Amino acid sequence: MHEGRKDFICDKCKQKFALKCIMIQHQKAVHEGRKDFACDKCELKSGSKSDLLKHQKIVHEGRKDFVCDKCGREFGYKSTFLLHQRTVYEGQKDHLCDKCDKTFALKSSLISYQKIIHEGRKDFTCDKCEKKFGLKQNLRKHQQKFHDVN
C-alpha cells in the first residue's frame, strides 16, 4: 500500500478508500444498512467495529480526548470538536433557510427552525397540562417550573 493512495472506489457513491476491506465494510453499513456490531451496554448497533469501540469509549467510559484550548470544553469525537471550532470561533454557518435567508451552523438547527417557525409545528406536548412546545428543551423547562418534574 502506498502512502496517501486511495485506490478502492465505492461503485454506489464514488467514495475512495485506501483499503478494500474498509470499502466493503462501508458498502455493507451505508448502502445495505447492515449494523453487525452491537454494544453490550446499550441498544446501539453499529455498521463498523471501530465506530462501536469509539461509542463505548466515549459514552460508557466517559472519555473526551479533544479539548478546546479557547474555552476548555471537552469532546469525545474529533468531528464534534472541529465543528465546535468552526461554528463558535470562525462563525461558520453553512445551512441557509430557503424561506427567510437565516443561516445556521447545524443542519439539525435549520430543520428544527423551519418546523417551528415556518410550519408552526409544536411536536412536544406536556403530559400534565397539554401545553404544546416546538422544542423538547422548552417542554422540559416548563415541566420543571410548573410541574416539579426533574
Side-chain angles (χ1 to χ4, degrees), residues 6 10 12-19 21-150:
K6 293 186 175 184
C10 175
K12 301 212 176 8
C13 69
K14 307 303 178 209
Q15 188 171 339
K16 296 178 181 180
F17 300 89
L19 300 171
C21 62
I22 302 297
M23 181 191 69
I24 292 168
Q25 180 184 333
H26 155 84
Q27 289 174 329
K28 287 178 182 177
V30 175
H31 302 299
E32 296 173 22
R34 287 184 42 185
K35 295 187 176 193
D36 297 338
F37 302 91
C39 181
D40 59 357
K41 293 181 174 60
C42 71
E43 300 296 314
L44 181 98
K45 289 186 178 8
S46 178
S48 76
K49 186 167 186 163
S50 63
D51 285 349
L52 173 63
L53 294 174
K54 251 189 260 183
H55 157 81
Q56 290 175 329
K57 179 183 84 162
I58 293 162
V59 174
H60 301 299
E61 296 173 22
R63 294 262 310 267
K64 294 186 175 183
D65 296 338
F66 303 94
V67 181
C68 178
D69 60 356
K70 294 179 177 72
C71 69
R73 188 167 167 195
E74 299 174 339
F75 301 88
Y77 294 98
K78 185 178 182 179
S79 60
T80 311
F81 167 63
L82 295 173
L83 178 66
H84 166 78
Q85 290 187 319
R86 286 194 313 269
T87 58
V88 174
Y89 301 108
E90 298 169 20
Q92 184 174 334
K93 293 182 177 183
D94 293 339
H95 305 283
L96 173 71
C97 179
D98 59 358
K99 295 185 174 47
C100 69
D101 293 336
K102 186 172 171 75
T103 57
F104 297 86
L106 303 174
K107 186 174 183 177
S108 60
S109 298
L110 167 62
I111 292 167
S112 179
Y113 170 83
Q114 288 176 326
K115 284 180 184 176
I116 296 163
I117 301 303
H118 297 302
E119 297 173 22
R121 287 181 45 182
K122 293 185 176 184
D123 295 339
F124 304 96
T125 304
C126 179
D127 60 355
K128 308 281 188 226
C129 70
E130 299 300 313
K131 186 168 181 174
K132 296 181 180 290
F133 299 88
L135 295 172
K136 192 174 190 175
Q137 65 200 36
N138 290 347
L139 167 61
R140 265 193 244 112
K141 285 179 193 173
H142 161 82
Q143 289 178 326
Q144 289 169 347
K145 184 175 180 180
F146 294 105
H147 304 297
D148 291 326
V149 176
N150 288 334

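Note that the structure is predicted; figures quoted are calculated from it, not measured.
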message: Measuring from atom CD1 of Ile111 to atom SG of Cys97, what distance do you get when rounded to the nearest 0.5 angstrom?
response: 11.0 Å
Working for side chain to side chain contact (heavy atoms under 4.5 Å, CB included), residues Tyr77 and Ile58: CA-CA 8 Å; Tyr77 294 98; Ile58 293 162; 3.5 Å; yes
task: Specify the closest pair of heavy atoms between Gly72 and Val67, including all atoms of both residues, with the distance to one decimal.
output: O-CG1, 3.8 Å
task: Evaluate the side chain to side chain contact (heavy atoms under 4.5 Å, CB included) criterion for residues Lys16 and Met23: first the C-alpha distance (whole Å), next the side-chain angles of each, then the deciding distance (0.1 Å), finally the verdict.
output: CA-CA 8 Å; Lys16 296 178 181 180; Met23 181 191 69; over 6 Å; no
task: For residues Gln143 and Asp127, determine if any side-chain heavy atom of one lies less than 4.5 Å from a side-chain heavy atom of the other.
output: yes
query: Is there a side-chain contact between Leu52 and Gln56, using heavy atoms and a 4.5 Å cut-off?
result: yes
field: OG1 on Thr103 to NZ on Lys93, rounded to 0.5 Å
entry: 5.0 Å
statement: Rounded to the nearest 0.5 angstrom, the OG-CD1 distance for Ser112 and Ile117 is 9.0 Å
Side chain proximity check, Asp98 to Gln114, heavy atoms < 4.5 angstrom: yes
- request: Give, for atom CG of Asp69 and atom OH of Tyr89, the distance between the pair rounded to the nearest 0.5 Å.
  value: 8.0 Å
Rounded distance [0.5 Å steps], CD in Glu32 versus NE2 in His26: 10.5 Å
Geometric cation-pi criterion, Lys128 with Phe146: 6.0 Å, 45°: no
query: With a 4.5 Å limit on heavy-atom distance, are the side chains of His118 and Tyr113 in contact?
result: yes
task: Would you indicate whether the side-chain heavy atoms of Cys13 and His31 approach each other to under 4.5 Å?
output: yes
- prompt: Is it true that atom NZ of Lys136 has more than 12 heavy atoms of other residues, nucleotides or ligands lying nearer than 6.0 Å?
  reply: no
- line: Heavy-atom nearest pair, Leu135 first then Phe124, reads C-CD1, 3.7 Å
task: Quick one: which residue pairs count as a salt bridge (Lys or Arg N to Asp or Glu O under 4.0 Å) with a foot in residues 110-124, not counting sequence neighbours?
output: Glu119-Arg121, Arg121-Asp123
query: Are any non-hydrogen side-chain atoms of Val30 and Gln15 less than 4.5 angstrom apart?
result: no
Inter-residue atom distance Leu106.CG - Gln92.CD, 0.5 Å rounding: 10.5 Å
- prompt: Where do Phe104 and Ser109 come nearest, in terms of heavy atoms and distance?
  reply: CD2-CB, 3.9 Å
task: Identify the two heavy atoms, one from Ala105 and one from His95, that lie closest to each other, and give their separation to 0.1 Å.
output: O-CD2, 3.3 Å
query: Mind checking whether Phe66 and Arg73 have side chains closer than 4.5 Å, heavy atoms only?
result: no
message: Less than 4.0 angstrom from a charged side-chain N to a carboxylate O is my criterion; do Lys57 and Asp65 meet it?
response: yes
Any side-chain heavy-atom pair of Thr125 and Glu130 under 4.5 Å: yes
- prompt: After noting the C-alpha distance and the side-chain angles of Cys71 and His84, does the key distance pass the side chain to side chain contact (heavy atoms under 4.5 Å, CB included) rule?
  reply: CA-CA 11 Å; Cys71 69; His84 166 78; 3.6 Å; yes
